[in-house]
Amino acid sequence: MRSSQYLLATMKENPADAEIISHKLMLRAGLVRRLASGLYTYLPTGVRTLRKVERIVREELNKAGAIEVLMPMVQNAELWQESGRWEQMDAELLRFQDRHQRDFVLGPTHEEVITDLIRREVTSYKQLPLNLYQIQTKFRDERRPRFGVMRAREFLMKDAYSFHLSQESLQQTYNAMYQAYSNIFTRLGLDFRAVLADSGAIGGSVSHEFHVLASSGEDAIAFSDSSDYAANVEMAAALPPQGERPAPSQSLAKVSTPNAGSVEDVAALLNVPPAQIAKTLIVRGCNEDGEDSGFVALMLRGDHQLNALKAEKHPRVAQPLTFATDAEIEALTGAQPGSIGPVGLEIPLVVDHSAAHLSDFVCGANQNEHHLTGVNWLRDIADFETSDLRNVVSGDASPCGQGVLEIRRGIEVGHIFQLGDKYSQAMKAGVLNEEGKNQILTMGCYGIGVSRIMAAAIEQNHDEHGIIWPDAIAPFQIAIIPMNMHKSVRIQQAAEQLYQQLTEAGFEVLFDDRKERPGVMFADMELMGIPHQIVIGERNLDQQQVEYKHRRSGDKSLLQLDQVLTEMQSKLQSA
RNA sequence: CGGUGAUUGGCGCAGCUUGGUAGCGCACUUGGUUUGGGUCCAAGGGGUCGCAGGUUCAAAUCCUGCAUCACCGACCA
């Protein structure tokens with residue numbers, strides 16, 4: 001491609017509304033443009049990378065036995081009513097009507113459509129298992145789209161759905177997908193981890209997320225420092241502390257803590273570490289039948305954070321997790337949040353293991369601007385139960401039993417689930433089994449955020465000059481940068497010849513034939529992150545040489561003009 | 001959905017307090033200059049100041065409503 005005949009669309013300045021580095025660079029390097037909130041146009045350079053990601057995903061899935069289909073993005077409401085998600089999903093599901101006032105949705109995912117297809121087309125156990133995938137645009141009306149294509153409303157996703165008669169068969173496909181995903185992210189050249197995950201609203205049991213590690217990631221991941229264990233922090237179990245709770249040594253006392261509501265304030269005022277303070281959170285509770293039963297108090301160590309997922313799964317806690325309002329707290333305890341505590345509180349008490357291991361601790365006194373010190377379990381608070389309620393923190397013992405946890409941030413680019421029969425049951429997707437009886441299918445589903453991968457790759461691979469694409473997904477492999485070509489026939493001939501030679505050899509070459517100053521061309525090619533640059537200038541050409549520069553390492557070397565092709569072939573053989 | 005802020009040429013911004021008919025940098029066009037890291041000089045083109053209404057002799061500027069966009073929070077395969 002000649003840059004003079006291409007839409008380069010690079011920008012020198014950062015657009016004002018881009019926040020994270022990948023968003024800024026995607027705009028500046030001319031990959032995307034915003035159309036409206038959460039909606040992006042992919043420019044030619046962006047499409048090139050997107051297609052490369054798609055290609056790798058497609059190849060690895062095909063290799064793993066999945067079969068490509070393409071389903072409509074517009075879906076009829078009946079299917080969603082049948083699965084129950086027409087009612088379950090909120091405004092995230094974009095609904096609209098056609099000219100006959102029939103209800104439709106813009107597909108945020110395709111479980112309904114694929115399950116409908118399978119129940120019509122598959123009638124015998126002999127046709128199973130089956131794993132179908134598509135690469136399709138999704139629409140989710142996110143409450144708050146942000147970070148460019150990272151959390152867009154319209155985005156490109158690979159979604160696969162597998163159908164089985166047995167858990168063993170599902171597990172087999174699940175394992176194959178796990179391996180295929182690992183292969184995909186390895187080929188993409190990304191630093192990633194597969195982590196244990198919650199299956200969330202989609203339902204199901206076993207689930208792994210694939211995360212690209214990046215400090216800007218929205219998710220926190222817990223790793224063991226001495227095993228393969230990795231889990232989303234929302235899933236990582238916090239083990240109860242070892243050993244016996246220390247015996248009480250202080251007596252209960254009430255102290256005045258004016259203007260000290262937060263754990264930090266109280267710790268500073270009383271000169272105790274936050275870990276010696278217990279904080280109390282009041283949430284709505286429920287009974288065994290899931291009916292509202294008033295309030296429940298949750299207690300955590302002052303330096304720990306509530307894990308909403310764990311709390312919500314506790315049988316005494318109402319779903320969804322709902323915090324008591326300030327007024328409710330005051331009515332219940334006689335004090336405002338910041339001064340509440342478990343002593344004398346007449347509601348069920350669920351205490352995190354770590355908080356339950358404290359002795360002589362500090363907590364609110366249920367009297368405004370007062371706290372209790374020297375508080376001890378059993379002696380001062382008789383009735384409570386313990387549970388795992390907190391987020392793990394760096395340094396916690398790993399739930400796998402080996403090593404301690406380390407926390408890092410990641411961007412979720414893939415998610416695989418064992419769905420079970422949630423959709424097949426609701427939509428009556430079954431086949432005749434070997435006994436000739438109808439059997440409901442069990443399902444798996446497997447997603448990859450194709451457009452998000454682009455942003456994640458940039459978050460992980462950039463420097464102050466711009467993007468540093470991994471070879472496998474760079475929009476172009478080689479940039480030819482001639483110095484003052486428009487003044488030198490020699491340079492023009494050398495550049496044209498190299499361009500032709502490399503292009504014919506199958507390389508994707510961007511030939512910067514613009515009548516621009518060298519600095520402009522260098523800056524643009526580096527901003528775009530083209531991995532391999534060839535600079536043609538008068539002084540090297542005297543020795544029949546050109547300069548090669550590697551974008552990532554910055555290494556420069558001189559190449560004989562007639563060696564360029566073989567050099568590039570050896571550098572790019574794997575791509 | 002709650003809070004905060006923004007909207008002036010393709011991009012980034014000033015002007016608004018104190019109303020008088022729009023400006024800067026980059027980009028773009030033309031000519032010259034320069035030529036291995038975003039040159040320099042000169043001349044140009046491009047804006048119903050987000051939309052609607054109001055106040056006024058006069059509105060980018062003051063008032064009201066609406067829309068759009070972003071950030072923080074809640075939410076989220």
Side-chain angles (χ1 to χ4, degrees), chain A residues 8-20 23-24 27-28 30 33-39 85 88-93 107-111 138-148 150-153 155 157-161 197-204 207-210 218-219 232 234 308-309 312 320-323 412-417 419 422-423 444-450 452 464-466 481-488 491 512 514-527 533-541 546-547 549 554 556 558:
Chain A
L8 221 44
T10 54
M11 290 192 286
K12 205 190 286 193
E13 286 183 275
N14 271 322
D17 56 3
E19 194 68 14
I20 58 169
H23 189 194
K24 288 178 185 170
L27 291 165
R28 288 224 290 134
R33 289 291 183 265
R34 190 183 64 79
L35 175 66
S37 183
L39 304 177
R85 289 208 286 185
Q88 278 167 26
M89 288 188 82
D90 62 2
E92 193 184 21
L93 181 64
T109 173
H110 282 72
E111 281 84 3
K138 306 287 188 213
F139 189 92
R140 293 183 191 172
D141 202 353
E142 293 276 352
R143 284 181 181 197
R144 190 178 156 201
R146 60 188 136 165
F147 304 146
M150 190 80 88
R151 184 167 293 280
R153 292 195 292 175
F155 57 99
M157 176 171 165
K158 185 286 298 178
D159 49 326
Y161 307 88
D198 181 61
S199 47
I202 275 199
S207 168
H208 284 87
E209 289 170 352
F210 287 76
E218 289 187 271
D219 292 290
N232 196 309
E234 60 183 25
L309 209 67
E312 204 171 84
L321 186 68
T322 312
F323 286 94
E412 183 188 348
V413 289
H415 202 158
I416 58 178
F417 299 87
L419 258 187
K422 178 174 171 175
Y423 296 93
C445 93
Y446 319 93
I448 289 183
V450 175
R452 182 181 276 187
E464 66 272 28
H465 301 296
I481 309 175
M483 302 287 96
N484 306 304
M485 183 175 77
H486 298 271
K487 290 277 174 65
S488 164
I491 290 182
D512 201 348
R514 292 176 298 171
K515 196 176 173 181
E516 281 290 356
R517 292 180 55 80
V520 173
M521 295 196 276
F522 285 133
D524 276 346
M525 296 305 112
E526 297 201 336
L527 177 61
Q533 299 168 8
I534 292 166
V535 183
I536 306 171
E538 288 278 1
R539 59 178 190 231
N540 291 323
L541 215 50
V546 294
E547 183 185 285
K549 184 177 173 187
K556 294 178 185 176
L558 290 174

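Numbers restart at 1 for each chain; the letters A, B, ... are given by sequence-line order, proteins then strands.
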**Q.** Derivation of the side-chain contact (heavy atoms from CB on, under 4.5 Å) call for A:Leu39 and A:Phe139
**A.** CA-CA 10 Å; A:Leu39 304 177; A:Phe139 189 92; 3.9 Å; yes
Between the protein and nucleotides 67-71 of chain B, which nitrogen or oxygen pairs come in under 3.5 angstrom?
{"residue": "B:C69", "atom": "OP1", "partner": "A:Ser37", "partner atom": "N", "Å": "2.9"}
{"residue": "B:A70", "atom": "OP2", "partner": "A:Ser37", "partner atom": "OG", "Å": "2.9"}

Q. Which comes earlier along RNA chain B counting from the 5' end, the contact point of A:Arg539 or that of A:Glu516, where each point is its nearest nucleotide?
A. A:Glu516
Q.
Quick check on RNA chain B: between A:Thr10 and A:Phe155, whose nearest nucleotide comes earlier from the 5' end?
A. A:Thr10
With heavy-atom distances below 4.5 Å as the criterion, would you say the side chains of [X] and [Y] are in contact?
{"X": "A:Glu547", "Y": "A:Leu558", "result": "yes"}
{"X": "A:Glu111", "Y": "A:Cys445", "result": "yes"}
{"X": "A:Tyr423", "Y": "A:Arg85", "result": "yes"}

Q) Do any N or O atoms from the side chain of A:Lys158 and from the backbone of A:Tyr446 form a donor-acceptor pair under 3.5 angstrom? A)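 Confirmed, A:Lys158 side chain pairs with A:Tyr446 backbone.
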Q: Using modelled atom types only, decide if a donor and an acceptor are shared between the side chain of A:Arg28 and the backbone of A:Thr10 within a distance under 3.5 Å.
A: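 Not at all, since once roles are kept as given, no pair shorter than 3.5 Å links the two residues.
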Q) Is there a donor and acceptor pair closer than 3.5 Å between the side chain of A:Asn540 and the base of B:G36? A) yes
Q) Donor-acceptor pair under 3.5 Å: do we get one between A:Glu538's side chain and the base of B:G36? A) no
Could you tell me how far [M] sits from [N] if I compare only their [atom1] atoms? Round to whole Å.
{"N": "B:G36", "M": "B:C26", "atom1": "C1'", "result": "24 Å"}
{"N": "B:C71", "M": "B:U34", "atom1": "P", "result": "47 Å"}
{"N": "B:A59", "M": "B:G20", "atom1": "C1'", "result": "10 Å"}
{"N": "B:C76", "M": "B:G38", "atom1": "P", "result": "50 Å"}
{"N": "B:C13", "M": "B:U7", "atom1": "P", "result": "9 Å"}
{"N": "B:U8", "M": "B:C69", "atom1": "P", "result": "14 Å"}
{"N": "B:C63", "M": "B:G19", "atom1": "P", "result": "12 Å"}
{"N": "B:C1", "M": "B:C62", "atom1": "P", "result": "29 Å"}

Does the structure show a Watson-Crick or G-U wobble partner for [N], both distances under 3.5 Å? Name it, or say none.
{"N": "B:C66", "value": "B:G50"}
{"N": "B:G31", "value": "B:C41"}
{"N": "B:G23", "value": "B:C13"}
{"N": "B:C71", "value": "B:G3"}
{"N": "B:G36", "value": "none"}
{"N": "B:U56", "value": "none"}

Can you check the [X] [atom1] to [N] [atom2] distance for me, whole Å?
{"X": "A:Asn14", "N": "B:C11", "atom1": "CG", "atom2": "P", "answer": "14 Å"}
{"X": "A:Asn484", "N": "B:U39", "atom1": "CG", "atom2": "P", "answer": "12 Å"}
{"X": "A:Leu541", "N": "B:G36", "atom1": "CG", "atom2": "P", "answer": "14 Å"}
{"X": "A:Asp512", "N": "B:G36", "atom1": "CG", "atom2": "C1'", "answer": "14 Å"}
{"X": "A:Leu527", "N": "B:C11", "atom1": "CG", "atom2": "C1'", "answer": "14 Å"}
{"X": "A:Ile481", "N": "B:G38", "atom1": "CD1", "atom2": "C1'", "answer": "13 Å"}
{"X": "A:Arg28", "N": "B:A27", "atom1": "CZ", "atom2": "P", "answer": "14 Å"}
{"X": "A:Lys515", "N": "B:C28", "atom1": "NZ", "atom2": "P", "answer": "13 Å"}

[X] versus [Y], closest heavy-atom pair with distance:
{"X": "A:Pro145", "Y": "A:Arg153", "answer": "CG-CG, 3.6 Å"}
{"X": "A:Val546", "Y": "A:Val535", "answer": "CB-O, 3.6 Å"}
{"X": "A:Gly38", "Y": "A:Ala152", "answer": "O-CB, 3.4 Å"}
{"X": "A:Ala197", "Y": "A:Glu209", "answer": "CB-CG, 3.2 Å"}
{"X": "A:Ile491", "Y": "A:Met483", "answer": "CD1-O, 3.2 Å"}

Q: Give a yes or no on whether a salt bridge exists between A:Glu526 and A:Lys549, defined as a side-chain N under 4.0 angstrom from a carboxylate O.
A: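 The answer is yes: the pair qualifies as a salt bridge.
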Q) Salt bridge between A:Arg151 and A:Glu142, side-chain N to carboxylate O under 4.0 Å? A)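 Result for this pair is yes, salt bridge flagged.
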Dump the pairs, protein N or O against N or O of nucleotides 30-34 of chain B, anything under 3.5 Å, distances to one decimal.
{"residue": "B:U34", "atom": "O2", "partner": "A:Arg517", "partner atom": "NH1", "Å": "2.6"}

**Q.** Nearest-0.5 Å distance, CG of residue A:Asp524 to CZ of residue A:Arg514
**A.**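 Atom-to-atom, A:Asp524:CG and A:Arg514:CZ are 4.5 Å apart.
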Q: Nearest 0.5 Å please: distance from the CD atom of A:Glu19 over to the CG atom of A:Asn14.
A: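 Rounded to the nearest 0.5 Å, the CD-CG separation comes out at 10.5 Å.
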Regarding [X], tell me which of base, sugar-phosphate or nothing describes its non-hydrogen contacts under 4.0 Å with the strands shown.
{"X": "A:Lys556", "answer": "nothing"}
{"X": "A:Met521", "answer": "nothing"}
{"X": "A:Asp90", "answer": "nothing"}

Which nucleotide, [options], lies nearest any side-chain atom of [X]?
{"X": "A:Glu92", "options": "B:U35, B:C76, B:G37", "answer": "B:C76"}
{"X": "A:Met483", "options": "B:C76, B:G36, B:G38", "answer": "B:G36"}
{"X": "A:Lys12", "options": "B:C76, B:G36, B:C26", "answer": "B:C26"}

Could you list the protein-to-nucleotides 4-8 of chain B atom pairs, N/O on both sides, closer than 3.5 Å?
none

